[in-house]
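Below is one structure, written out as structure tokens, with a few remarks after it.
The analysis underlying the following values was restricted to heavy atoms, covering all of them including side chains, and did not include hydrogens, waters or symmetry mates.
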Amino acid sequence: MHLAPGALIACEVKRVWGRASVSRKASFQFFGGERPAAMDALRGWVQEAPVPRSLSWIVGPTEAQYFVLPWSPAWVDPDSRYAYARAHYEQLYSTDSRDVSFSFSDPAPDGGQLVSCISSALHVELADFAVQCGCELDSIKPSVATVWKRFQNVLKSEDGTLCVVEGDHQALVQHDRNRIRGVIVRRRSAQQTVDAALKGVVRRFANTMDRGAAPSGAVDLRLPAKQGFDARGDAAYAVALCGAL
């Protein structure tokens with residue numbers, strides 16, 4: 001499931017003898033405060049499946065925030081890491097961290113750890129949705145962290161920028177090989193504004209076929225073609241499938 005800007009995007013993936021195939025796809029659009037109605041429609045779609053499923057959520061840029069913590073292998077105490085992350089979050093956003101749910105990506109070998117944040121209320125809503133559907137909740141992860149992990153084998157040898165495009169939003173992930181240095185999330189705007197934030201090798205992963213909006217010189221990252229999924233024709237489902245294919 002992908003909670004994208006203005007849309008709930010869902011894919012059902014089946015695995016037989018280790019081979020993945022996309023058996024169903026659906027998109028439920030919403031505006032402003034209409035998300036509850038879209039969630040109801042999505043719940044009905046999920047419950048059409050003949051047997052219970054595990055369910056994973058990928059949360060898009062309108063609901064997620066990001067920052068990078070310096071990391072030391074000596075910091076093995078989870079409580080200390082959470083305390084440091086909460087203090088850093090409050091410093092950055094001037095918001096009470098008790099209202100936020102944190103997700104930690106794997107630390108880079110030479111330092112730096114991406115922290116993803118969504119509201120605690122949203123985390124509860126998405127977890128309750130799985131229960132209401134009769135599904136086992138597998139994960140709730142923000143999209144930038146999911147895309148980064150999926151293509152880390154490509155990105156870890158480069159110094160550059162990963163551009164994650166979701167609808168009318170984009171995240172620019174500046175990295176030095178495995179180490180993420182910063183994340184900028186913004187609406188897609190004038191091309192030169194985007195280009196000014198890009199450095200090094202530019203890779204792009206998008207759930208839109210709006211080719212004119214691609215940063216100059218960007219090389220697209222694509223999921224492999226599978227039964228029921230074509231990277232060109234099914235671009236809208238790319239982020240939803242990022243952790244599955």
Run the numbers on Cys163 and Phe205 for side chain to side chain contact (heavy atoms under 4.5 Å, CB included), then give the verdict. CA-CA 6 Å; Cys163 182; Phe205 185 77; over 6 Å; no
Let me confirm one number: the CZ-CZ distance from Arg222 to Arg204, rounded to the nearest 0.5 Å. 8.5 Å
How far apart are the C-alpha atoms of Leu137 and Cys135, what are their side-chain angles, what is the distance that settles it, and do they pass the side chain to side chain contact (heavy atoms under 4.5 Å, CB included) test? CA-CA 6 Å; Leu137 179 63; Cys135 295; over 6 Å; no
salt_bridge(Arg35, Glu63) N-O dist < 4.0 Å: yes
For Ser105, which of Ile180, Val144, Thr146, Leu114 qualifies under side chain to side chain contact (heavy atoms under 4.5 Å, CB included)? Leu114
Is it the case that one hydrophobic cluster holds both Ile140 and Tyr66, taking links as side-chain heavy atoms less than 4.5 Å apart, direct or via other members? no
Could you state whether Leu42 and Leu3 fall into the same hydrophobic cluster, counting links through intermediate Ile, Leu, Val, Met, Phe, Trp or Tyr residues with side-chain heavy atoms under 4.5 angstrom apart? yes
Heavy-atom closest contact (Arg150 atom, Cys242 atom, distance): CD-O, 3.2 Å
Please name the pair of heavy atoms, one in Arg15 and one in Ala20, separated by the smallest distance, quoted to 0.1 Å. NH1-CB, 3.4 Å
Look at the side chain of Gln174 and the backbone N and O of Gly182, then say whether any donor-acceptor pair between them is shorter than 3.5 Å. no
Is any NZ, NE, NH1 or NH2 atom of the basic residue among Arg179 and Asp176 found under 4.0 Å from an Asp or Glu carboxylate oxygen of the other? no
I need the minimum non-hydrogen distance between Ala41 and Phe28, along with the two atoms involved. CB-CD2, 3.6 Å
Distance check, rounded to the nearest 0.5 Å: Ile9 atom CD1 versus Asn207 atom CG? 5.0 Å
Apart from Val124 itself, what residues make up its hydrophobic cluster, given side-chain heavy atom links below 4.5 Å? none
Flag side-chain contact, heavy atom, 4.5 Å: Leu162 against Leu221: yes
For residues Tyr84 and Pro70, determine if any side-chain heavy atom of one lies less than 4.5 Å from a side-chain heavy atom of the other. yes
Joint hydrophobic cluster, Val183 plus Val239, side-chain heavy atoms closer than 4.5 Å: yes
Hydrophobic cluster identity match, Phe229 and Trp45, side-chain contacts under 4.5 Å: no
Any side-chain donor near an acceptor of the partner, Glu12 and Ser23, under 3.5 Å: yes
Hey, quick one: are Ile118 and Val147 part of the same hydrophobic cluster, counting side-chain heavy atoms closer than 4.5 Å, chains of contacts allowed? no
Can you name the closest pair of heavy atoms from Cys133 and Arg43 and give their distance? SG-CG, 3.6 Å
Ignoring hydrogens and geometry beyond distance, is a side-chain donor-acceptor pair present between Gln170 and Arg186 at under 3.5 Å? no
Step-by-step side chain to side chain contact (heavy atoms under 4.5 Å, CB included) determination, Gln113 to Val68: CA-CA 5 Å; Gln113 184 173 30; Val68 179; 5.9 Å; no
Could you work out, with ring pair (Phe, Tyr, Trp, His ring centres under 6.0 Å) as the rule, every residue matching Tyr237, not counting sequence neighbours? none
Are the ring centres of His2 and Trp57 closer than 6.0 Å? no
For a 4.5 angstrom cut-off between non-hydrogen side-chain atoms, does Pro5 reach Pro61? yes
For residues Val201 and Asp159, determine if any side-chain heavy atom of one lies less than 4.5 Å from a side-chain heavy atom of the other. no
Do Val13 and Lys226 come close enough that some side-chain heavy atom pair is under 4.5 Å? no
Are the side chains of Arg181 and Val173 in contact, using a 4.5 Å heavy-atom criterion? no
Set of residues satisfying ring pair (Phe, Tyr, Trp, His ring centres under 6.0 Å) with respect to Phe104, sequence neighbours excluded: Tyr82
What one should report as the nearest heavy-atom pair of Met1 and Ala10 is SD-CB, 3.4 Å
At their closest point, which heavy atom of Leu223 faces which heavy atom of Ala238, and how far apart are they? CD1-O, 3.4 Å
Please round to the nearest 0.5 Å and tell me the distance separating atom NZ of Lys25 and atom CG of Asp234. 4.0 Å
Side-chain donor/acceptor of Arg187 to backbone N/O of His169, under 3.5 Å: no
Walk me through it: do His88 and Val115 pass the test side chain to side chain contact (heavy atoms under 4.5 Å, CB included)? CA-CA 10 Å; His88 195 60; Val115 183; over 6 Å; no
Can you check whether Asp99's main-chain N or O pairs, donor with acceptor, with Ser120's side chain at less than 3.5 Å? yes
Can you check salt bridge (charged side-chain N to carboxylate O under 4.0 Å, His left out) on Arg53 and Glu136, steps first, answer last? CA-CA 7 Å; Arg53 299 283 194 267; Glu136 176 185 352; over 6 Å; no
Quick one: pull up OG1 in Thr208 and CD in Glu166 and give me the separation to the nearest 0.5 Å. 11.5 Å
Taking the side chain as C-beta and beyond, is there a heavy-atom pair between Met39 and Leu8 under 4.5 Å? yes
Do the side chain of Ser80 and the main chain of Pro78 share a donor and acceptor less than 3.5 angstrom apart? no
Taking the side chain from Glu34 and the backbone from Phe31, do they hold a donor-acceptor pair closer than 3.5 Å? yes
Ser116 vs Phe67 side-chain heavy atoms within contact, under 4.5 Å: no
For Ile58, the option from Ser143, Ser139, Pro142 that meets side chain to side chain contact (heavy atoms under 4.5 Å, CB included): Ser143
May I ask you to check whether over 12 heavy atoms, not counting those of Glu48, lie within 6.0 Å of atom CD? yes
So, taking the atom named SG in Cys11 and the one named CG in Leu241, what distance separates them when rounded to the nearest 0.5 Å? 3.5 Å
Within a 6.0 Å radius of atom NZ on Lys149, are there more than 12 heavy atoms belonging to other residues, nucleotides or ligands? no
What distance separates Gln132 CD from Asp40 CG, expressed to the nearest 0.5 Å? 8.5 Å
